[in-house]
Amino acid sequence: MSIEKFREEIDEIDSRFVELLNKRAEKVLQICKIKQQEGKSYYSPGREKIVTERLIALNKGPLPDEQLKEIIKTILHSFLALQRKLKIVYFGPPATFTHLAAIKNFGPNAEYIPAKNISEIFGLMEKGKADYGVVPVENSTEGVVSHTLDMFLDSDLKICAEVILEVAHHLLGRGKLANIRKVYSHPQAIAQCRRWLEEHLASAVICETESTAKAAQLASQEDTSGAIASEVAASLYGLTIIEDHIEDSSHNYTRFLIIGREYAERSGEDKTSILFSIKDRVGALHGMLVPFRKHSINLTKIESRPTKKKAWEYVFFVDFMGHKDDEDVKKALSELEKECFFLKILGSYPKGD
Amino acid sequence: MVITIKPGTTEKGIQHVIDKIKELGFTPHISRGEERTIIGVVGENAIRARHTFEAMFIVESITPISKPYKLASRDFRKKDSLLKIKDVVIGGKKVVVMAGPCSVENKDMLLETAKMVKQAGACILRGGAFKPRTSPYSFQGLGEEGLKYLAEVSRITGLPVVTEAMDPRQLEIICSYADIIQIGARNMQNFDLLKEAGKQKKPILLKRGMASTVKELLMSAEYILSSGNYDVILCERGIRTFEDSTRFTLDITSVALIEILSHLPVVVDPSHGTGSRELVVSLSRAAVAAGADGLLLEVHPRPEEALSDGFQSVSFPIFQQLMEQIKKVAQAVGREV
């Protein structure tokens with residue numbers, strides 16, 4: 001067959017694409033309408049995961065799975081903005097890692113609102129000023145972002161998705177490494193690059209900023225200052241990358257949470273986050289974990305935080321595999337409930353990849 | 001003081017707070033809302049114990065109650081209390097009309113009245129079996145026989161029944177026949193009766209004494225609440241003033257005032273409040289407009305033949321007109337009848 005003939009066929013297929021995409025859009029809008037009547041949000045991370053996985057399983061090639069996944073993601077993101085643009089509040093300013101995580105999850109067709117700090121994100125969400133919030137929760141090198149966990153103590157917001165982002169830190173600046181006298185960055189980023197800084201910039205003054213993007217902004221105004229931040233921040237603030245990948249661990253990941261007002265639907269591969277408090281006595285914490293073992297539930301994280309009410313009294317944050325509506329999870333949680341003073345399900349959400 | 005428990009607190013957590021309250025020698029009064037559980041801690045100087053509870057993670061906040069009446073006050077509960085009696089909800093959007101004869105005279109007359117008031121839109125049947133009368137020579141009511149008629153007519157029509165108890169000794173028997181126990185104006189400060197009423201499982205309709213202040217009415221309600229019965233309906237039925245052209249002066253102000261001071265529902269009795277049939281319709285409209293959660297009305301098929309209070313009972317046609325009029329008023333103030 002000739003090229004012309006193939007092109008004709010491609011055009012034919014593309015026309016059908018457009019037709020099918022619009023048919024799909026009509027159905028999505030109908031679902032939006034129903035959900036709106038029920039007062040629910042139409043964003044469903046659980047459903048997105050199911051849709052993606054089903055299509056990947058159908059894939060016979062020659063299109064590789066990874067590329068198909070990208071295409072599906074783009075389509076899902078476009079459809080998400082079909083009815084109206086979702087308002088997403090994130091830990092700003094623009095070009096922070098949280099911003100990147102937000103874009104990874106919601107795509108380019110959302111309205112992104114930068115917040116000054118984590119409390120402001122929770123505040124704006126509680127006031128209904130945004131549909132979803134994006135906050136960092138833990139880093140694979142540095143551990144938890146305690147401020148985020150503390151916010152959940154008094155908030156009724158739910159975790160509805162998680163985003164895991166590989167975080168690459170670069171030293172940005174306007175001059176050479178030898179001229180750098182001062183380094184700006186967020187305490188988390190500084191901690192993740194501590195060894196590199198000791199080796200290469202031992203005499204530089206380290207200044208903490210509220211975000212990596214803010215650090216880049218400050219460094220852009222001073223000739224002998226650098227910032228630890230992302231590539232996106234470099235282009236946004238007109239800086240060059242003096243040294244790339246300066247993070248101490250080559251597997252440096254940060255986990256972000258998408259917070260909303262509703263629990264996410266089951267996707268088949270979910271995680272659940274809970275918060276509980278107990279009366280302090282011998283074996284109490286052990287007792288709390290027994291139901292999970294009994295029902296063969298895999299705990300992925302346990303973290304304690306002070307209650308801030310009484311000295312040496314703690315609340316526990318536990319993450320485990322499974323959805324709150326799964327039978328074994330329900331059983332374990334009802335057993336746990338009988339033993340503890342306080343139990344809140346912060347969210348069940350599709351496991352991030 | 002009022003302890004507000006954090007949403008997410010388990011039964012075991014709530015029990016821990018209750019145990020601590022008891023350990024300190026106070027009485028806990030628990031109110032479970034849709035979102036939050038609140039515990040009233042009542043007792044002299046209860047507020048001095050606030051630090052013990054403030055240190056608990058599961059305690060969201062502590063609010064002192066400044067008023068002398070604690071459990072009856074808005075400080076204790078921000079939302080209006082809703083009372084459910086069979087299918088009838090008192091304190092909600094619907095203005096509940098309780099109507100019937102002043103006293104139960106015989107079964108036929110009671111049934112005739114009940115059917116009529118139900119058809120016109122009343123939700124609860126009223127009728128006296130034990131009557132507090134000014135004169136010992138006046139008709140004193142049919143007693144238990146009257147209660148039996150009330151129960152039977154209630155069964156036939158499906159209307160719940162409210163009737164008065166005058167003495168703690170009558171409570172048990174009245175509770176076995178009636179759905180709501182009324183404590184009359186003359187007994188509003190009969191503290192032994194109030195305490196006993198507080199031990200009953202049936203809702204109490206507490207009428208304001210004719211020479212009592214709103215504060216005294218709420219203090220009397222506090223007696224019932226603090227004895228463990230949280231289902232109290234307050235009733236404005238007129239007070240004695242220098243004005244002698246009506247039997248009492250119906251204090252409409254108290255309806256609006258109680259709305260601010262207390263979470264308890266409040267109903268109005270324009271029949272006793274005015275003592276005059278000609279005024280009942282107008283004052284019913286006024287009561288609904290002022291925000292009353294219900295009306296208590298005396299209706300008699302032949303008011304001129306009534307054995308008691310005939311001069312303030314309305315006839316069937318008047319009652320029907322009254323219902324039509326208050327429907328419009330209710331609609332205008334965002335309620336329904």
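In the text below, chain A, chain B and the rest are named by the order of the sequence lines, each starting its count at 1.
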* **Donor-acceptor contact present, side-chain A/Lys309 to main-chain B/Phe53, <3.5 Å** => no
* Measuring heavy-atom distances to chain B, does A/Glu337 have an atom under 4.5 Å in its side chain, in its backbone, in both, or in neither? -> both
* Is it the backbone or the side chain of A/Leu153 that comes under 4.5 Å from a heavy atom of chain B, or both, or neither? -> both
* Enclosure of A/Arg84 CZ (heavy-atom neighbours >12, cutoff 6.0 Å) -> yes
* **B/Asp87 CG: over 12 foreign heavy atoms closer than 6.0 Å** => no
* **chain A contact via B/Gln15 - side chain, backbone, both or neither, heavy atoms under 4.5 Å** => neither
* Structure fact -> Closest non-hydrogen contact found for A/Lys338 with B/Lys12 is O-CD, 3.1 Å
* Give a yes or no on this: more than 12 heavy atoms of other residues, nucleotides or ligands lie within 6.0 Å of atom NZ of B/Lys215. => no
* More than 12 foreign heavy atoms under 6.0 Å from NZ of A/Lys33: is that the case here? -> no
* Interface residue of largest heavy-atom contact number with chain A, from B/Lys6, B/Glu54, B/Glu60, under 4.5 Å -> B/Lys6
* Asked: So with a 6.0 Å cut-off around NZ of A/Lys35, is the heavy-atom count from everything else above 12?
  -> yes
* CA sep, side-chain torsions, deciding dist, call: A/Lys344, B/Thr9, side-chain contact (heavy atoms from CB on, under 4.5 Å) -> CA-CA 8 Å; A/Lys344 200 152 83 172; B/Thr9 302; over 6 Å; no
* Just wondering, do B/Phe57 and A/Phe341 contact through their side chains at under 4.5 Å, heavy atoms? -> no
* Within a radius of less than 6.0 Å around NZ of A/Lys301, do more than 12 heavy atoms belonging to other residues, nucleotides or ligands occur? -> yes
* State whether the number of non-hydrogen atoms from other residues, nucleotides or ligands found under 6.0 Å of A/Glu262 atom CD is greater than 12. => yes
* Nearest 0.5 Å please: distance from the SG atom of A/Cys340 over to the NE2 atom of B/His16. => 13.0 Å
